[in-house]
Amino acid sequence: MEKRVIVIPAYNEERTIAEAVRGALQVADLVLVVDDGSSDRTSEIAASSGAVVARHAVNRGLGGALGTGLAGALRLGADLIATMDADGQHRPEDAKRALDRLSAGDADFVIGSRMLERKGNMPVRRRLAQLLGNALTFLLFRRWVSDSQSGLRAMTRAAAERIEIRSSRMEVSSEFVKEVVDKRLRLAEVPIEAVYTAYSLSKGQSFLVGLQTAFKLVLHKLLD
Amino acid sequence: MNAIQLVLVVFSCFGFGAAVARFRRGRLSRAQLLIWSLLWAGIVAVVLRPETASFLARRLGVGRGADVVVYLAVAALFYLQFRLFSRLEDHERQITALTRELALKDIKEPPHGR
Ligand SMILES: Nc1nc2c(ncn2[C@@H]2O[C@H](COP(=O)(O)OP(=O)(O)O)[C@@H](O)[C@H]2O)c(=O)[nH]1
Ligand SMILES: [Mg+2]
């Protein structure tokens with residue numbers, strides 16, 4: 001069977017990374033944790049939980065970490081690559097579903113969407129932020145997706161080789177959509193359930209970060 | 001010479017001095033030094049003889065001399081801001097590329113497999 005690699009970007013997630021790695025290992029051949037310059041024990045715990053660890057010497061943001069993750073997965077010989085968050089928001093079976101969707105052969109890139117089956121307990125404010133993200137992504141890149149800001153996605157090796165990640169922070173989620181459009185990749189969405197624990201909510205992104213993300217997206221659209 | 005003129009002239013001298021210092025250290029090319037010198041000299045000229053700006057204003061078809069100065073200043077600031085932003089973005093990307101290479105330099109699959 002194809003070699004499946006799950007990439008987990010992690011920034012100061014020592015409390016949740018072990019469980020995330022163990023869960024991911026159940027549905028993948030290899031788990032690559034990109035420790036984005038954490039100041040806690042994220043790297044050590046990830047390694048002892050069975051992940052391959054690539055460690056950023058300094059924090060580069062989610063986009064930087066995902067770019068490293070894709071490059072690393074390719075070097076490790078991945079045929080199929082999925083990404084999921086380190087804070088316990090994503091379920092391994094959903095990553096498996098996204099990867100399985102690729103095996104069907106009619107999609108190059110899969111987004112795990114929290115909106116297709118409205119399960120889970122997504123808070124209203126997150127829902128609103130997500131809708132704004134979707135709208136902006138559509139305006140800039142002309143493709144409507146039901147969950148443009150999802151951190152759970154999957155892609156084939158060929159897709160990962162063509163996708164170029166330039167953004168360094170949270171704008172990366174929309175940039176993936178841009179790349180899918182620009183490189184004419186076939187996009188599919190599968191339903192996932194996002195788990196909102198008190199922990200993930202306490203660490204999640206603020207309204208201000210949302211604004212910065214929107215600003216960066218528009219600026220990059222104008223500049224490159 | 002009134003107080004505001006004095007302040008602006010002293011300020012321009014500092015600006016000119018900084019450009020010369022950079023040129024001496026080889027951080028500015030001859031052409032760049034020339035541009036900065038002209039810029040600061042132009043500012044001093046306008047400060048000491050505001051009529052120059054009015055002359056320029058008439059030539060450019062903008063109402064008053066003071067308006068021309070403000071327009072040019074805003075344009076210059078926009079340009080500098082833009083350059084600063086692009087430079088910063090370039091640096092961000094270079095640091096990310098460097099960090100990435102270092103992080104991936106010696107990753108390998110665990111030997112025991114699964
Ligand atoms: N906040 C943040 N998360 C990062 C960074 N680098 C990697 N990550 C990881 O990116 C994932 C998503 O981050 P999170 O803050 O939970 O974003 P949200 O779920 O969209 O609110 C997590 O697995 C983080 O550990 C970073 O610089 N900042
Ligand atoms: Mg989160």
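Heavy-atom basis, side chains included; hydrogens, waters and symmetry copies ignored. Naming: A, B, ... by sequence-line order, numbering from 1 per chain.
- A:R75 has its side chain out of reach of B:E109: every pair of non-hydrogen atoms, C-beta onward, lies at least 4.5 Å apart.
- B:I95 touches chain A through backbone and side chain together, each having a heavy atom under 4.5 Å away.
- In this structure, B:I107 CD1 and A:L76 CG are separated by 4.0 Å, a value rounded to the nearest 0.5 Å.
- The minimum heavy-atom distance between B:L104 and A:A54, with the atom names listed, is CD2-CB, 4.0 Å.
- Around CZ of B:F23, the count of heavy atoms belonging to other residues, nucleotides or ligands within 6.0 Å exceeds 12.
- Across every non-hydrogen atom of A:G63 and B:R100, the tightest pair is O-NH2, 4.1 Å.
- Few gaps surround CZ on B:F85; more than 12 heavy atoms of other groups in view lie less than 6.0 Å from it.
- Interface residue A:V58: backbone and side-chain heavy atoms are both found under 4.5 Å from chain B.
- Within 6.0 Å of CZ in B:F82 there are 12 or fewer heavy atoms belonging to other residues, nucleotides or ligands.
- Annotation for B:R49: atom CZ does not count as buried by contact number, only 12 or fewer foreign heavy atoms lying within 6.0 Å.
- A:E19 CD: 12 or fewer foreign heavy atoms inside a 6.0 Å radius.
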For A:R166 and B:E92: C-alpha separation, side-chain torsions, deciding distance, then whether side-chain contact (heavy atoms from CB on, under 4.5 Å) applies.
CA-CA 10 Å; A:R166 288 183 211 81; B:E92 287 271 328; over 6 Å; no
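- Shown here is A:K96, whose NZ atom has no more than 12 heavy atoms of other residues, nucleotides or ligands within 6.0 Å.
- Between chain B and the options A:S168, A:G67, A:A51, the largest number of non-hydrogen pairs under 4.5 Å is found for A:G67.
- Screening B:T96, B:T99, B:L102 for a side chain to side chain contact (heavy atoms under 4.5 Å, CB included) with A:H56, the sole residue that qualifies is B:T99.
- Using a cut-off of 4.0 Å between Lys/Arg side-chain N and Asp/Glu carboxylate O, A:K216 and B:E89 are scored as salt-bridged.
- Only the backbone of A:V53 comes within less than 4.5 Å of a heavy atom of chain B; no side-chain atom from C-beta onward does.
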